[in-house]
There are 2 protein chains.
Amino acid sequence: MYVTRPNEQIENFLLPLRARPVQQHHLHHICAGKHLFHEGQTARNIYEVVKGVLRLTRVMADGRRQVIAFGYPGDVVGFHSDDEYHTDCDALLSTTVIVHSRSALESPAGNSALHTKLLQAALHEISAMQDHFLMLGRKSAAERVASFLLTLQERVGMPLGQFTQFDLPMSRSDIADFLGMTTETVCRTLTRLRKLNIIALDRVHTVVILKPEALIKEAEGRD
Amino acid sequence: MYVTRPNEQIENFLLPLRARPVQQHHLHHICAGKHLFHEGQTARNIYEVVKGVLRLTRVMADGRRQVIAFGYPGDVVGFHSDDEYHTDCDALLSTTVIVHSRSALESPAGNSALHTKLLQAALHEISAMQDHFLMLGRKSAAERVASFLLTLQERVGMPLGQFTQFDLPMSRSDIADFLGMTTETVCRTLTRLRKLNIIALDRVHTVVILKPEALIKEAEGRD
DNA sequence: CGCGTCTTTGAGAAACATCAACAGCGGTGG
DNA sequence: CCACCGCTGTTGATGTTTCTCAAAGACGCG
C-alpha cells in the first residue's frame with residue numbers, strides 16, 4: 001500500500017534472496033464486502049486482480065441489477081472511456097489488486113510492457129464480453145448455468161480424485177444476475193444437474209464436476 | 001500509412017486547394033451484403049466505419065445467432081485479442097471503412113494520435129457492451145426495442161418537421177438477434193408502439209419518433 | 001405481373017418469473 | 001451447549017412473457 005522505498009540498492013542488499021528486484025507495484029487490499037469503486041465515481045486507476053474475487057455490477061433506476069463480470073486473479077477491471085467508472089466493484093472475498101494508473105493504459109510512456117499488457121487485457125475483455133452476449137441473448141437457463149460452471153472449472157477448478165472441484169464465492173442471486181435469470185431458476189437448474197449426477201454440491205458453495213462431458217452437452221443444448 | 005511529411009510548408013504550397021493536408025488513409029469499400037471478415041479468419045486489421053452500416057454477428061453450432069453490434073460511421077470494428085476475428089462482419093449498406101493495421105492499436109510507434117484514438121474506441125466499446133448486458137440480461141421486450149430506437153435516434157436521427165426520423169437498414173430478424181428476441185416479438189412490439197402513436201413506420205424500414213418522452217418511458221419500463 | 005422474401009398477425013405452447021412457504025446454516029446470546 | 005434468529009438457499013404452485021408454429025399480407029425485384 002503505497003510504500004515508497006527510499007533506496008532500492010540498500011533494500012536489495014538487505015534482502016539478497018529476492019533474486020531480481022521486481023517492479024514496484026502499488027498493491028491494494030479490499031476486504032470481503034467492501035467496494036473498490038462505485039459507478040459514476042471519478043476513475044483514476046485500473047486494477048489487476050492478484051488474489052480473491054471481485055464483482056462488477058450495474059443497477060437500473062428501479063433496482064434491477066446486472067452482474068457484468070466476476071474478477072478473478074489475472075483479470076483487469078476498471079476500464080473506462082471517460083473519467084468515470086461505469087460499474088460498481090466490490091469484493092466477494094478478501095482481495096488483493098495491483099493498482100495501475102489509467103495513464104499506464106493510455107500511454108506507453110514509462111512502461112511499454114505494462115501498456116501492452118493492459119491493452120491486451122482490454123482486448124481480451126471485449127472478446128469475453130462478446131461470448132457473454134451469446135449467453136444472455138440466445139442460451140436457455142440450463143445452457144447458461146452449465147456454461148458458467150464450465151468456465152469456472154476451466155478457470156479455478158482443482159483436482160479432487162478423478163473429479164474437478166471449485167468454490168462459488170458468489171451467492172445464487174449473484175449468479176442469477178450474471179446470467180440474466182432469477183435465483184430460483186439458478187437453484188432449480190443446479191438441482192437438476194445434481195439429480196442427473198452431473199455435478200455434486202458440497203455445503204452450497206462448493207461444486208464438484210462429476211461428468212464434464214455431460215455438462216458440456218448441457219452447455220451446448222444437446223440432449 | 002505512416003507517411004512522413006518532409007516539409008509541411010511546401011506541401012501546403014503545392015496543394016493549395018486542400019485546405020488542410022488530411023492524413024493518408026487506406027480506404028476500403030464493402031458492397032451491401034458482402035463480408036469484411038469472418039469469424040476465425042486471421043486478423044490483420046481493424047476498421048473504422050466512415051460511411052454505411054456494418055453488422056457484427058456470432059453464430060452457435062446449431063445456428064442460433066447473436067448480432068454483437070451494428071457498426072455506424074465513427075465506430076471501430078474488428079478488435080481481437082489473439083490473431084483471429086471473433087465475429088463475422090458484413091455490410092448492410094454499401095460501406096466505406098478506413099483500414100488500420102492492428103499494429104496501429106498495439107503500438108504507438110508511427111502514429112501516437114491514432115493509437116490513442118483506437119484505444120479510446122476500444123474502451124468506449126467496453127462501456128457500450130456493458131450497457132448492452134443490462135439490455136440482454138434484465139430488460140423486457142418492450143424496453144429493449146424502445147432503448148434500441150432511442151439509441152438510433154440519438155445516433156442517426158434526422159429532423160422531420162417537429163419529429164425525428166431515421167432508417168433501419170437492418171431486417172427485423174437482425175434487430176431480434178441483436179436484442180435477444182424473435183422477429184415476431186420485435187414486430188409485435190413495434191406494432192404496439194405504432195398503435196400507441198409513439199412511433200410511425202414508413203415502408204417498414206423508416207421510423208419516425210412521434211413522442212420521444214413516451215418512448216423513454218417505454219425504455220425504462222415506467223407506465 | 002408474378003414470385004420469393006420479409007414482415008405482420010394470430011393461436012397455442014413452453015420457458016421462465018413470481019409469489020409463497022419451508023429448510024439449512026451460521027451466528028449470537030442466554 | 002443449546003435455543004433462537006436471520007439470512008440464504010430450495011422447492012412448490014401459479015402466472016406471465018415470450019417463443020413456436022402457422023398463415024396471410026406487403027414489398028421489392030426480375
Side-chain angles (χ1 to χ4, degrees), chain A residues 32-33 55 60 62-67 92-93 135-149 167-196 199-207 218 221 223, chain B residues 31-33 55 60 62-67 92-94 135-149 167-196 199-207 218 221 223:
Chain A
R55 175 180 64 181
M60 293 174 59
D62 62 3
R64 278 178 286 178
R65 189 179 73 140
Q66 178 71 33
V67 171
L92 293 175
L93 303 173
M135 187 98 131
L136 294 176
R138 286 289 169 240
K139 290 194 187 178
S140 70
E143 291 167 348
R144 293 181 204 200
V145 171
S147 301
F148 178 67
L149 293 178
D167 257 37
L168 295 176
M170 66 293 285
S171 70
R172 296 293 190 264
S173 75
D174 285 333
I175 299 174
D177 288 344
F178 181 60
L179 300 179
M181 41 204 266
T182 59
T183 54
E184 292 93 330
T185 304
V186 172
C187 274
R188 280 186 247 271
T189 307
L190 287 173
T191 300
R192 185 175 144 269
L193 292 175
R194 188 165 47 71
K195 288 188 174 160
L196 290 170
I199 64 169
L201 293 173
D202 182 21
R203 263 181 275 98
V204 179
H205 287 289
T206 302
V207 180
E218 289 285 332
D223 288 305
Chain B
C31 295
R55 174 179 65 181
M60 292 173 58
D62 61 5
R64 278 177 286 179
R65 189 180 71 139
Q66 178 70 33
V67 172
L92 294 175
L93 303 173
S94 176
M135 188 99 131
L136 293 175
R138 286 290 171 239
K139 290 194 186 179
S140 71
E143 292 167 348
R144 291 181 206 201
V145 172
S147 301
F148 178 66
L149 294 178
D167 256 36
L168 294 177
M170 66 293 285
S171 71
R172 295 291 189 263
S173 76
D174 285 334
I175 299 174
D177 288 344
F178 182 59
L179 299 179
M181 42 206 264
T182 59
T183 55
E184 292 93 329
T185 304
V186 171
C187 275
R188 282 186 247 271
T189 307
L190 287 173
T191 300
R192 184 174 145 270
L193 291 176
R194 188 164 48 69
K195 289 189 174 161
L196 289 170
I199 64 170
L201 292 173
D202 182 21
R203 263 179 279 100
V204 179
H205 287 289
T206 302
V207 180
E218 290 284 333
D223 289 304

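Throughout, a chain's letter reflects where its sequence line sits, starting with A, and its residues are numbered from 1. Below, all heavy atoms of this structure are taken into account, side chains as well, without hydrogens, waters or symmetry copies.
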Fill in the blank from the handout: Atom NZ of Lys195(B) and atom P of dT8(C) are separated, to the nearest Å, by 11 Å

Fill in the blank from the handout: Among dT10(D), dT18(C), dG28(D), the one nearest any side-chain atom of Thr182(A) is dT18(C)

Practice task
Would you tell me if any nitrogen or oxygen in the side chain of His205(B) comes within less than 4.0 Å of OP1 or OP2 on dT7(C)?
Solution key: yes

Exercise for the section: Look at the side chain of Thr191(A) and decide which nucleotide, out of dT8(C), dT10(D), dC16(C), has an atom nearest to it. Expected result: dT10(D)

Handout entry: Phosphate contact (dA17(C) OP1 or OP2) by Thr185(A) side-chain N/O below 4.0 Å
Key = yes

Problem - Phosphate contact (dC16(C) OP1 or OP2) by Arg188(A) side-chain N/O below 4.0 Å - result: no

Handout entry: Shortest side-chain distance from Ala141(B), nucleotide among dG9(D), dT11(D), dT18(D)
Key = dT18(D)

Practice task
Would you mind classifying the nucleic acid contact of Arg144(A) as base, sugar-phosphate or nothing, using non-hydrogen atoms under 4.0 angstrom?
Solution key: nothing

Fill in the blank from the handout: Here the distance between atom C1' of dT20(D) and atom CE of Met181(B), to the nearest Å, is 15 Å

Practice task
Give the nucleotide from the list dA17(C), dG28(D), dT11(D) with an atom nearest to the side chain of Arg203(B).
Solution key: dG28(D)

Practice task
Among the candidates dT11(D), dT8(C), dG9(D), find the nucleotide nearest to the side-chain atoms of Cys187(B).
Solution key: dT8(C)

Practice task
Tell me what Ser140(A) touches on the nucleic acid: a base, only sugar-phosphate, or nothing, going by heavy atoms under 4.0 Å.
Solution key: sugar-phosphate

Practice task
Give a yes/no on whether any side-chain N or O of Arg192(B) is located under 4.0 angstrom from OP1 or OP2 of dT17(D).
Solution key: no

Problem - 5′-ward residue of the pair Met170(A)/Arg138(A) relative to DNA chain D - result: Met170(A)

